[in-house]
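Note on naming: letters A, B, ... go to the chains in the order of the sequence lines (proteins, then strands), and numbering restarts at 1 for each one.
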Number of protein chains: 2
Amino acid sequence: MKTLAFMTGLGVTTVSRALKDAPEIGAETRRRVQLVAKQIGYRPNRAGVRLRTGKTNVISLVLNTEHELMSFVSDIIYGVTEVIAGTPYHLIVTPYSRSQDPLDPVRYLVETGSADGVIISRTQPNDPRARYMLEHGIPFATHGRTDMGLVHPYHDFDNYAFAGEAVRALAGKGRNRLALVTPPVGLTYYGHTVNGFADALSDTGASEVPFNTVSIDQSIEQIRMRTAQLMRRKDRPDGFVSSAAAATLAVVAGIEDAGLKLGRDVDVVSKQSSELLHLFRRELLVVNENFRVAGSELARAVLGWIGGADPGTLQSLSTPSEVLPYRG
Amino acid sequence: MKTLAFMTGLGVTTVSRALKDAPEIGAETRRRVQLVAKQIGYRPNRAGVRLRTGKTNVISLVLNTEHELMSFVSDIIYGVTEVIAGTPYHLIVTPYSRSQDPLDPVRYLVETGSADGVIISRTQPNDPRARYMLEHGIPFATHGRTDMGLVHPYHDFDNYAFAGEAVRALAGKGRNRLALVTPPVGLTYYGHTVNGFADALSDTGASEVPFNTVSIDQSIEQIRMRTAQLMRRKDRPDGFVSSAAAATLAVVAGIEDAGLKLGRDVDVVSKQSSELLHLFRRELLVVNENFRVAGSELARAVLGWIGGADPGTLQSLSTPSEVLPYRG
DNA sequence: TTGGCAACCTGTAACGTTTCAGTATATTGA
DNA sequence: TCAATATACTGAAACGTTACAGGTTGCCAA
């Protein structure tokens with residue numbers, strides 16, 4: 001910037017103001033400075049700005065490096081980068097592991113002022129991280145809703161609707177003894193899913209086959225084994241609703257371990273985030289959840305809050321696609 | 001730090017030096033300063049350090065947000081974060097898309113001095129990005145090797161060995177008309193894979209069924225269709241070697257579209273980065289590639305170079321597992 | 001006694017930016 | 001004509017850190 005000041009014959013203050021379109025700079029001067037800046041490829045020094053203003057131009061995505069389903073994470077990252085490309089923002093990935101308090105990374109970010117905005121996932125109904133960030137006034141968005149009576153930006157997939165549609169699709173195929181492979185217990189969307197499932201059961205008159213011990217963050221082997229066990233009982237379900245593609249692979253394996261056939265003895269409706277399940281078994285019924293869109297929405301929400309928008313207007317819910325059968 | 005200076009009754013300079021174990025500081029003073037620093041939870045201000053020293057404490061992972069296979073990316077990220085946890089480094093993700101010159105993001109990072117080290121993937125034999133970074137003296141590591149006669153840190157999976165082992169495994173099952181689903185043309189490991197495949201064909205006396213138009217970065221539908229076409233010809237292959245799990249799903253679908261059966265009419269050896277293929281079809285033969293390890297190795301390499309190690313010593317090659325059949 | 005030297009500590013400046021509190025010049029109103 | 005005011009610009013200070021170039025003190029040898 002000193003170079004710019006020298007080249008234009010102005011003071012650094014004037015240059016600084018001219019570059020950010022301050023009102024008290026003459027129109028011609030402004031244009032001249034901006035032209036020269038473009039010419040020599042001036043880029044504001046991030047450290048200088050950050051030191052002076054406290055603005056980091058950084059968004060942090062806080063991830064659990066053990067639980068998070070893999071494909072899901074890269075999609076979110078891509079979605080976020082799509083939105084922040086063309087802004088001065090950088091994306092930093094802040095990890096935490098099972099052994100740590102999930103609040104740790106958030107506290108670190110806030111205490112060191114390392115980010116202007118934060119995105120968290122694995123959101124809980126009563127989420128200490130959201131509460132903490134609200135208290136400390138740092139803009140954030142959650143992937144998934146909370147339920148604390150506090151308002152903040154979020155993006156969520158409508159898992160209540162998903163579970164409901166899934167049950168109705170199964171009922172439509174004459175299935176009426178249904179089991180649910182739930183999201184991780186404790187996360188908000190566990191509740192949404194379970195409620196959607198239960199309400200649709202009432203509507204359709206189908207009944208639930210308890211399968212409570214199984215959730216999608218268990219290991220493939222676990223899920224497979226428990227499914228096989230369940231399917232060998234005489235009161236076995238004739239339909240499954242699965243909240244994640246990886247779990248669905250395990251469920252199907254378990255079904256087949258028990259000597260049963262998908263589409264004949266049992267139907268399975270599953271969420272998926274990439275179009276792979278139909279390659280796996282054509283008989284599967286799928287609902288698509290687009291995590292790239294989620295990433296974009298979350299980024300937009302945080303940037304919006306940073307930009308001064310009302311947090312209450314930065315909430316979005318993504319509606320599930322229909323339940324889709326295979327189409328060759 | 002000013003606070004620390006006040007509390008200890010020392011000058012800021014002394015505090016600064018005491019904290020970084022400079023030799024001209026008395027042992028007791030050093031301990032005293034460090035104790036107080038711990039007590040009040042002092043954290044160096046990144047902007048201050050960066051402005052003064054130019055050190056960003058940032059590693060940038062440069063990603064193609066269109067090509068990169070999804071699951072692969074999150075594994076690498078997790079691997080990287082594992083290594084930089086416990087260092088002062090932050091990981092930033094720098095994206096670029098198909099439309100851009102892959103050199104763009106690298107040039108940006110270097111010109112703005114936004115990172116102390118860079119990790120790139122989709123490495124080419126003659127890679128302008130590696131050349132550029134060498135010229136500009138910024139530490140980096142490549143996922144995959146180059147072939148320019150220039151020495152730099154890398155981590156690579158031994159795809160020559162993979163393709164060779166795959167061919168030998170197929171030959172061992174009596175398969176002798178083999179097709180290869182190649183890596184993306186132009187990347188270094190394309191050549192490694194093709195050579196490993198060709199050399200092992202010679203060794204075993206098997207022959208190649210040309211399938212050159214198909215590589216793993218094509219769409220699922222494309223691969224599936226071309227595979228089905230190929231399998232309907234009378235000179236069809238009886239074995240496939242596939243460089244990626246997603247492509248393998250498509251290949252198997254194509255095989256079945258043509259009315260053939262895996263394990264009877266044809267065998268397929270595939271790389272995979274998570275243990276899912278055997279849930280898909282038990283008849284598949286798999287070789288595991290661990291991208292989390294790749295991420296860790298890459299991070300270690302960059303940090304090593306930043307730390308002054310000889311780039312030539314920061315190269316690693318990961319040996320493929322055996323070719324594994326399904327074991328219930 | 002004194003000069004030299006080691007051990008330990010310190011003030012100031014600088015990194016690049018923005019903000020505060022101006023200054024100089026031109027313009028306006030009476 | 002003169003004061004008041006608007007317009008266009010500017011220097012200095014500050015953000016937190018480190019490096020440079022010292023400054024004191026105490027000890028030892030001559």
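Comparing the end axes of the helix from C:dT1-D:dA30 to C:dA30-D:dT1, each fitted to five base pairs by superposing C1' atoms of four pairs onto the next four, gives an inter-axis angle of 60° (nearest 10 degrees).
Paired with A:Thr146 under the rule side-chain hydrogen bond (donor to acceptor under 3.5 Å, both in side chains), one option of A:Arg129, A:His152, A:Gln124, A:Arg131 passes, and it is A:His152. Tested against A:Phe291, the residues A:Phe157, A:Tyr78, A:Phe72 include a single ring pair (Phe, Tyr, Trp, His ring centres under 6.0 Å) partner, A:Phe72.
Looking at residues two or more places apart in sequence or on another chain, you find a side chain to side chain contact (heavy atoms under 4.5 Å, CB included) between A:Leu134 and A:Phe140, A:Leu150, A:Trp305.
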Readout for nucleotides 9-21 of chain C: B = base within 4.0 Å of protein heavy atom, S = sugar-phosphate only, - = neither; 5' to 3' it is SBBBBBBBBBBB-
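A:Glu297 has a carboxylate O that lies under 4.0 Å from a charged side-chain N of A:Arg300, or vice versa, which qualifies the two as a salt bridge.
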Could you walk me through whether B:Thr56 and B:Asp116 pass the side chain to side chain donor-acceptor pair (under 3.5 Å) check? CA-CA 6 Å; B:Thr56 61; B:Asp116 296 336; 2.8 Å; yes
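Taking each heavy atom of A:Gly144 and A:Tyr154 in turn, the nearest pair found is O-CB, 3.8 Å. In plain terms, the two heavy atoms of B:Tyr89 and B:Val58 that are nearest each other are CD2-N, 3.7 Å. The shortest non-hydrogen separation linking B:Gly113 to B:Arg50 is O-NH2, 3.9 Å.
Protein atom CG of A:Leu19 is 15 Å distant from nucleotide atom C1' of D:dC9, rounded to whole Å.
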